[in-house]
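Before any comments, here is the structure.
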Amino acid sequence: MIKSVCGYCGVGCGLEFDKEKLLGDVTYPINEGKVCSKGVSELISIQTPTRLLRPHIRNDINNEYKITDWQKAIETIANRLKQTPSDKIGFYLSGQLLTEDYYIANKLCKGFLGTNNVDTNSRTCMASAVVAYKKAFGADYVPVRMDDINHSDLLILVGANTAEAHVVFHNKIKRAKKNGLKIVVIDPRFTDTAKAADLHLPIKPGGDIDFFNLLAKRIIDEDLVNHEFVKNHVNNFDLLKNKLKRVPVTKMLKRTGFSKEQFEEFWQLFKDSPNIITAWTMGLNQSVQGVDKNLSLINIHLLTGKIFKRGNGPFSLTGQPNAMGGREVGGLSTMLAVHLGFDKESIQKVSRFWNTNKIDNKPGLTATQMLEADLDVLIICHTDPVYHLPNRNKTEELLKKIPMVVEINAYENSETAPFSHIRLPAAPWGEKEGTQTNLDRTITKQEKLTRTSIDCKPDWEIFQLLAQELGYKFAFNYENPQQIFEEFQEMTKLSDHMNIHKTSYEQIKEKPYIWGEDIYEKGEFLTENKKANLFFVENKLFSEKTSKEYPFILLTGRTRDQWHSGTKTNLPKTLLKYKELNFCEINPVNALELGILDGDEIKISSKRGEIFSKALITPDIKEDTIFVPVSNRDINYLTNDLLDSESFEPDYNHSAVKIEKV
Ligand code: SF4
């Protein structure tokens, strides 16, 4: 029996592998044996005929790929990198990578190639939460754990559909409800998550900051402020209080779409709940004001002191299995490594640690900026930017201009494959080992369950081959992921708050390790004066506006059985039968106006492109909004490419579209 961890979502469920069978691990504290449809069928993703099994090469994207060998492929990439100025190189990583893979890629790019252009697809989902946590608390630190729901009185889920995106956590929430937890879901859709709620507030898309500002104002007006906590642990209270005095309450309430009665019902619940958790995902993060939305939410917990106490706190729910590990290593271009930035002291520390003098002192390009930067070489690892970046027609045109696109992937059917020059076959989940951190700072060992397919390699080994070919064998000579993890652990000593060095690879194999519990126990924030920062933020209405021509707002989101573009889950019908993806939710009032019937073929268009889908008429979606699942591979032909100015995260959930019957 081999114990491992699921490689799909940020919950990170423990699994047991026994004689080709995969089961939930009953002894694992996070899931106690429970798994969802994705986790239990993960073995199928290893066996799918869509696996990429050999290196491929071509010198022009109009030519056919030819099979090549590793030596030739690595030499070709290294030769090109040697001739390329460092600012013309980009590494585009993924929350699907293991921590050791992230570490090697980050070290190679930032430490030795001399560019900070290494970013991850977490940019498109978690970057707003990262920036907000840093601004408010002084570091990217999640101050809540999943088990906290068992100590809480009220869980507010905002723009988070846990029933589809974090299934096992959702089932824990439902169990906590039986023991008295109240649940409020704030979402323009009456989702499966909302069905489990005590109160559903169908917010108008874009109204989140107004809602949290109204709540903050009410907390101050009715003196629900925890003055002792604010005095000792919080900066900027008077500033926020004065700013909130002048906000236009009626206008703000109108922008939320809530009636006075709905807000009052919520307020009663809030006021009567001693312990409150507010959890969120893409509904807040994927926005042109994603950071501000996060900050307005965090304000609530700082004003009431509902943080650093069991059953309380602002809880960002990470989507991918190891997006957190990437953040810890420094896989975002806006940080250097182990939560250090690009200040002189941090660069000196990291340069000494890696024994290099090549680190650049300015942040690199983000994943959302790389394609527009006229790069010469782009190395994409375990992710599919053509599918997931917004405004796809533009993405395709930009990618075509990059002279060398390298794709490291376990599957051959990505949307990026037609734009790549070299494809390297990576080992998928189950064929490699390493560590990953879930959404509540729990580090777990992912085990190799079966032999690595003959011509595939784990990602760390691929980056190491490249580093060695570039002449950096002295710094990249690891024999296994354990050695890399141990170096990373040593590096965490450079940070003043990451205690990952206090465990070991061997210990994690036996028992997951939760880092940062000392920060929680001390209850001290990580800013210079150890106090958290309140921020006054306003809804600036920056998102794309609807018009006569494009009168609907497109919402996007996960569906339970699918994962991203479906390379691992949307498999041939003989392997799996999963929920239909080809649907677009439309409110009956809008459908009637447009003469659209349930099941009709429809065309959805925006200023940028069009897709086809099937109408699913349901009152569960608010009027004048439509919903298309994010795993519909064509969805980003529609989305706008506005970015948050601080997190550079796209505004995926606010594109103006029209729908027509075809
Ligand atoms: Fe895997 Fe997430 Fe499902 Fe758990 S909830 S089995 S981690 S996909």
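Keep in mind that what you see is a predicted model, and the values were worked out from it rather than measured. For ligands, and for the atoms within them, numbers begin at 1 and follow the listed sequence. Computed over heavy atoms, backbone and side chain alike; hydrogens, waters and symmetry mates excluded.
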Legend entry - 4.5 Å side-chain heavy-atom contact, Arg189 and Thr618: no
Inset, instruction - Would you sort out whether Glu517 and Arg441 count as a salt bridge (charged side-chain N to carboxylate O under 4.0 Å, His left out), showing the intermediate values? - result: CA-CA 9 Å; Glu517 285 297 83; Arg441 291 179 273 111; 2.9 Å; yes
Legend entry - Residue Lys195 excluded, over 12 heavy atoms near NZ under 6.0 Å: yes
Inset, instruction - Report the relative orientation of the aromatic rings in Tyr103 and Phe488; use parallel for angles under 30°, tilted for 30 to 60°, perpendicular for over 60°. - result: tilted
Legend entry - Side chains of Asn636 and Thr639, donor plus acceptor under 3.5 Å: yes
Inset, instruction - Look at the aromatic rings of His388 and Tyr92 and report parallel, tilted or perpendicular, splitting at 30° and 60°. - result: tilted
Inset, instruction - Sort by chain and number the protein N/O/S atoms found under 2.8 Å from atom 2 (Fe) of ligand 1. - result: Cys9 SG
